[in-house]
Amino acid sequence: MAAEGPRESRHEEIEAIVEEKDGGVAPVRDEADKYTVVGAAERATFSSWLTPVEEHFVCHRNDIPEIEADDWTVALGGELEGAVSMTDLETEYPTVAVAHTMECAGNGRGQHDPETGSVQWGFDAAATAVWSGTPVSSILRDHGLDADRVEDRWLTAVGGDRSDGEDVFARSIPLEKALEDCILAYGMNGEPLPPAHGYPVRLLVPGWYGVNNVKWLEELRVTDSMVTDGALDRPGEHAYWQQEAYRIRPEGVEPEPSETVEAVDTWDQLEGAVDHPYTFDATVMSVIGEPDGESPVTPAEDGTVTIRGVAWAGDDAVERIEVSTDGGETWADAELFGPEYDGAWRLFRYEWDPVPGEYALYSRATDEYGRRQPARISDPEAWRDALEDDRFPWNEGGYAANAYEPNGLEVTVESDADD
Ligand SMILES: Nc1nc2c(c(=O)[nH]1)N[C@H]1C(S)=C(S)[C@@H](COP(=O)(O)O)O[C@H]1N2
Ligand SMILES: [Mo]
């Protein structure tokens, strides 16, 4: 299948992005050498709420398309009619801003043992930006949406990136989510959307895994079913990214395509509502950003060291964040603080009072439904049963992993020079 071939231009594209981002990101090992992937270069990215564009990871499968915004339109199909140009989007509709923690569904894939292939992300494929653009609801209501038929219907977004063959990058989200808080984004942190992030316009789905946030948006369709093969009026494969890739499944299993799901929440799906879950909203997760473990730390005058990081739970709220400084033996509650937006991470801090020595630090978050990050990723055999054992299910594609142990760090505390 065309979507599986290696891509010649990939390395040039990666180098150009690293240069443009001034070293805020670094290349990531990709087993099959197929993706353009760069991740946060430093752990310190996870000590700030807003991620600068320079430190925001990038992930896509095809070359970045060369697009003239003046000539670009988003076609509207299925139940919808017409098209919108970039000028329409920017001048005829309200502009809103949404905060969104983008996390690749493959974040943590590199922590699976045995390895699962593909891009070996650690915790580097997560970032929070403020995205500006037009509410999806404004566009849809203006172009033929039947507002009485929203439940159990889907919005499919098609990317304008070209694969080697005719295959398309298409993703479907429930229409309810699309109308609730999604936007067609043309700005990122107050700047025009950069080419690597989807210029001139992308779908932005607050709190949902990166893959749902279709870049270089070319078409939107409202239909009764999520995208299946042959569903779009065009050649090539249509459903690979929705129905095959990005589904959580045990070793050696090919998931069956389906038209709809019993439960949307990714964790509900994983707990049993759906055989081979779709990666929709991000699962509960946290990363310590400071200290970074790179160099020893010296306590402040009052003897404390601040541990600071970020915690998120997709479009659900983070309820609790705990920190361990003894490799998981004991835990203390840390404080959540700072900006609080649906779909974006929270900052946390913990004032730690250590004596000089070597320490292993972990953080673990719990969401508003009481779902807590598991300790580590299971063996391949365990599948869903792993959840009862404080393990995240090892899965073939390495998706949605949120175990806390692999994201911990070791740090040396030195004695205060004045002591
Ligand atoms: N058209 C298109 N959109 C895409 C992709 C792609 O390959 N093509 N990659 C997706 C994936 S897998 C991720 S994780 C996010 C990453 O968004 P970013 O590069 O802006 O961080 O874009 C998503 N949108
Ligand atoms: Mo991704």
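In listed order, ligands and their atoms are each counted from 1. These numbers were taken from a predicted model, which means no experiment stands behind them.
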As a test of reading the model: which N/O atoms of the protein lie under 3.5 Å from N/O atoms of ligand 1, and at what distance?
residue  : atom   : partner : partner atom : Å
ligand 1 : 1 (N)  : D161    : OD1          : 2.9
ligand 1 : 1 (N)  : D161    : OD2          : 3.3
ligand 1 : 1 (N)  : K215    : O            : 3.1
ligand 1 : 3 (N)  : K215    : N            : 2.9
ligand 1 : 7 (O)  : R61     : N            : 3.1
ligand 1 : 8 (N)  : D161    : OD2          : 2.8
ligand 1 : 9 (N)  : C59     : O            : 3.1
ligand 1 : 17 (O) : R202    : NH2          : 3.1
ligand 1 : 19 (O) : C59     : N            : 3.1
ligand 1 : 19 (O) : K215    : NZ           : 2.6
ligand 1 : 20 (O) : H197    : ND1          : 2.7
ligand 1 : 20 (O) : R202    : NH1          : 2.7
ligand 1 : 21 (O) : H56     : ND1          : 3.4
ligand 1 : 21 (O) : F57     : O            : 2.8
ligand 1 : 22 (O) : R202    : NH2          : 3.4
ligand 1 : 24 (N) : N213    : O            : 3.0

For this session: Verify the ring-centre separation between W331 and Y404: is it less than 6.0 angstrom?
Result: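 Aromatic pair counts; centres sit under 6.0 Å.
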
For this session: Answer yes if the side chains of Y93 and D142 hold a donor-acceptor pair under 3.5 Å, and no otherwise.
Result: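 Side-chain D/A pair, Y93 to D142: present.
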
Exercise. Under 3.5 Å, is there a donor-acceptor pair linking the side chains of E322 and S363?
Worked result: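 No donor-acceptor contact under 3.5 Å links the two side chains.
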
Exercise. Does a donor on one side chain and an acceptor on the other come within less than 3.5 Å for H60 and E13?
Worked result: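 Indeed, the side chains of H60 and E13 share at least one donor-acceptor pair under 3.5 Å.
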
Problem set entry | Any side-chain donor near an acceptor of the partner, T101 and T128, under 3.5 Å |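 Per modelled atom types, T101 and T128 side chains form a pair under 3.5 Å.
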
Problem set entry | Closest contact, heavy atoms only, T116 versus W394 |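 Nearest pair, atom of T116 first, then W394: CG2-CZ2, 3.7 Å.
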
